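The chain is numbered in sequence order, starting from 1. Just so we're clear, the structure is a prediction, and the values are computed from it rather than from any experiment.
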Amino acid sequence: MGSLPHVVEDCMGFLQLYSDGSVIRSNNIDFPVSAIEDQSTVTFKDILFDKRFNLFLRLYKPQHSSNNDNNKKLPVVMFFHGGGFCFGSRTWPHIHNCCVRLASGLQAVVVAPDYRLAPENRLPAAVDDAVEAVRWLQRQGLCLKEDGIGGDTWLNDDVDFDRVFIVGDSSGGNIAHQLAVRLGSGSREMDPVRIRGYVLLAPFFGGEVRTKSEEGPPEQMLNLELLDRFWRMSMPVGETRDHPLANPFGPGSPNLGEVKLDPILVIVGGNELLKDRAADYASRLKELGKDIEYVEFEGNQHGFFTHDSYSQVAEEVILILKRFMLKTTSC
């Protein structure tokens, strides 16, 4: 008689993986988020973008765009949430608040797709879903370009498919990197969508060799044990943290010196466990001649922008994003 299934991984009691591969998730999560200050200035709606896996995205649009006042089209920001590839959704309050802030602060249409989560769907599922989300946006642009019929009415003549930016937080930042490598720079594969740049907010990268910041004191919401657990549950079975989906410079990763990359902006908190990996990523890409900028906010921890999108430091992030978007579309 075989033994009964037992818990092999437990994420804070909210996610449990059993020895037989079954998973139990809890939706009883308390989200301590502040009220949205500019909710009335942004409208949003949910759209099914992938029927195969029943995946939705949330579309945000400023109600009164200053861009429209100047007869200019709105740029598109595609935002991929974090959660260690195991948690998160466009519907979570802090993620929703963050997208409202991006839409209002950047005067942009924000597209926030969900993706399949681990351990039920291990990597590269999340990355594949991100590619499909970009292809959904491409289909909207093609409909408008060809006859204006069939696309979503929110993505009309006011939207500039020639100015698309990919923004990702934590594991979403990892996804943004994977998209940058997959799509390359100047590729016409996603035409008429033209991605102008990628923003990686505290990208969730890994590696077998520990960094100094990983071995430092734990954060309020993140520690090394939890990081490792996320990797064990999200990586393909049997793979290590040096897999290309975790470590951009691992032994099996592509030679990024040979990959054409669009401009990249990396933003990280100075007190993050992941700080050294983000800094090393930016430094090595800079050495390879890539267009990359690294910004570190001293004293801040992981998720400081997403979890408090209306703080003073979040306002500074918005200004940096505006500058990056302007720079990458003026050259």
Side-chain angles (χ1 to χ4, degrees), residues 7-18 21-33 46 49-50 53-58 78-100 102 110-130 133 167-178 200-206 214 218-237 241 243 245-246 268-269 272-274 277-278 301-309:
V7 175
V8 294
E9 298 286 359
D10 188 334
C11 273
M12 303 172 290
F14 297 121
L15 174 62
Q16 294 178 320
L17 173 64
Y18 284 77
S22 60
V23 175
I24 294 181
R25 289 180 177 272
S26 171
N27 294 320
N28 187 26
I29 301 176
D30 183 28
F31 297 99
V33 297
D46 293 325
F49 78 92
D50 191 332
F53 302 115
N54 196 39
L55 291 172
F56 285 79
L57 58 80
R58 183 162 287 182
M78 184 164 280
F79 178 82
F80 292 97
H81 67 75
F85 296 111
C86 298
F87 289 99
S89 167
R90 74 197 187 284
T91 64
W92 282 21
H94 68 285
I95 295 172
H96 174 76
N97 285 10
C98 175
C99 291
V100 170
L102 290 171
V110 174
V111 182
D114 279 345
Y115 50 85
R116 286 172 290 165
L117 299 175
E120 300 94 324
N121 301 280
R122 292 175 178 264
L123 290 168
V127 179
D128 292 340
D129 295 341
V167 179
D169 172 54
S170 192
S171 54
N174 182 309
I175 289 173
H177 162 76
Q178 303 298 337
L200 282 57
L201 302 172
F204 183 44
F205 294 140
E214 285 176 341
E219 300 181 53
Q220 182 178 357
M221 299 179 61
L222 198 62
N223 57 55
L224 191 57
E225 180 183 358
L226 183 57
L227 286 175
D228 288 350
R229 183 169 288 121
F230 281 147
W231 285 124
R232 289 196 300 269
M233 292 200 296
S234 63
M235 293 304 302
V237 175
R241 296 189 302 272
H243 189 280
L245 290 168
V268 68
E272 296 202 39
L273 294 177
L274 296 172
R277 293 203 182 276
Q301 297 190 351
H302 192 68
F304 69 90
F305 176 75
T306 309
H307 287 278
D308 192 359
S309 302

Do [X] and [Y] meet the criterion of a side-chain donor-acceptor pair at a distance under 3.5 Å?
{"X": "N97", "Y": "S309", "result": "no"}
{"X": "N174", "Y": "Q178", "result": "yes"}
{"X": "H302", "Y": "S170", "result": "yes"}

Heavy-atom side-chain proximity of [X] to [Y] below 4.5 angstrom:
{"X": "V237", "Y": "R122", "value": "yes"}
{"X": "V23", "Y": "P119", "value": "yes"}
{"X": "I24", "Y": "Y18", "value": "yes"}
{"X": "H177", "Y": "P203", "value": "no"}
{"X": "F230", "Y": "C11", "value": "yes"}
{"X": "Q16", "Y": "E9", "value": "no"}
{"X": "V110", "Y": "C99", "value": "yes"}

Output the distance between atom [atom1] ([X]) and atom [atom2] ([Y]), rounded to the nearest 0.5 Å.
{"X": "W231", "Y": "H243", "atom1": "CH2", "atom2": "NE2", "answer": "10.5 Å"}
{"X": "L274", "Y": "F205", "atom1": "CG", "atom2": "CZ", "answer": "9.5 Å"}
{"X": "L226", "Y": "E219", "atom1": "CG", "atom2": "CD", "answer": "10.5 Å"}
{"X": "L227", "Y": "L222", "atom1": "CG", "atom2": "CG", "answer": "4.0 Å"}
{"X": "L15", "Y": "S26", "atom1": "CG", "atom2": "OG", "answer": "10.0 Å"}
{"X": "R90", "Y": "H96", "atom1": "CZ", "atom2": "NE2", "answer": "11.5 Å"}

As a quick check of understanding, evaluate ring-ring contact (aromatic ring centres under 6.0 Å, His included) for Y115 and H81, giving each step before the final call. CA-CA 9 Å; Y115 50 85; H81 67 75; 4.4 Å; yes
Classify the ring geometry of F14 against F87: parallel below 30°, tilted from 30° to 60°, perpendicular beyond 60°.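 Judged by the thresholds at 30° and 60°, the geometry between F14 and F87 is perpendicular.
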Assess the residue pair F79 and L102 against the criterion (side chain to side chain contact (heavy atoms under 4.5 Å, CB included)); give the C-alpha distance rounded to whole Å, side-chain angles, the decisive distance to 0.1 Å, and a yes or no. CA-CA 9 Å; F79 178 82; L102 290 171; 3.8 Å; yes
Does the salt bridge (charged side-chain N to carboxylate O under 4.0 Å, His left out) test come out yes or no for E120 and R116, once each step is laid out? CA-CA 8 Å; E120 300 94 324; R116 286 172 290 165; over 6 Å; no
How far apart are the closest heavy atoms of A246 and R241, and which atoms are they?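 Shortest heavy-atom separation between A246 and R241 comes out as CB-O, 3.3 Å.
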For P236 and L123, which heavy atoms make the closest approach, and how far apart are they? CG-O, 3.4 Å
Flag, side chain of Q301 to backbone of M221, donor-acceptor distance under 3.5 Å: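 Side chain of Q301 to backbone of M221, a donor-acceptor pair under 3.5 Å: no, none is there.
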Donor-acceptor contact present, side-chain D114 to main-chain L55, <3.5 Å: no
Under the side chain to side chain contact (heavy atoms under 4.5 Å, CB included) criterion, do D46 and L57 qualify, and how do the steps go? CA-CA 6 Å; D46 293 325; L57 58 80; over 6 Å; no
For M12, is the CE atom crowded, meaning more than 12 foreign heavy atoms sit under 6.0 Å from it?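 Yes, because the 6.0 Å sphere around CE of M12 holds more than 12 heavy atoms from other groups.
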Would you check, one step at a time, whether the test salt bridge (charged side-chain N to carboxylate O under 4.0 Å, His left out) holds for D10 with R229? CA-CA 8 Å; D10 188 334; R229 183 169 288 121; over 6 Å; no
Going through the distances and angles, do M233 and L17 end up as a side chain to side chain contact (heavy atoms under 4.5 Å, CB included)? CA-CA 8 Å; M233 292 200 296; L17 173 64; 4.2 Å; yes
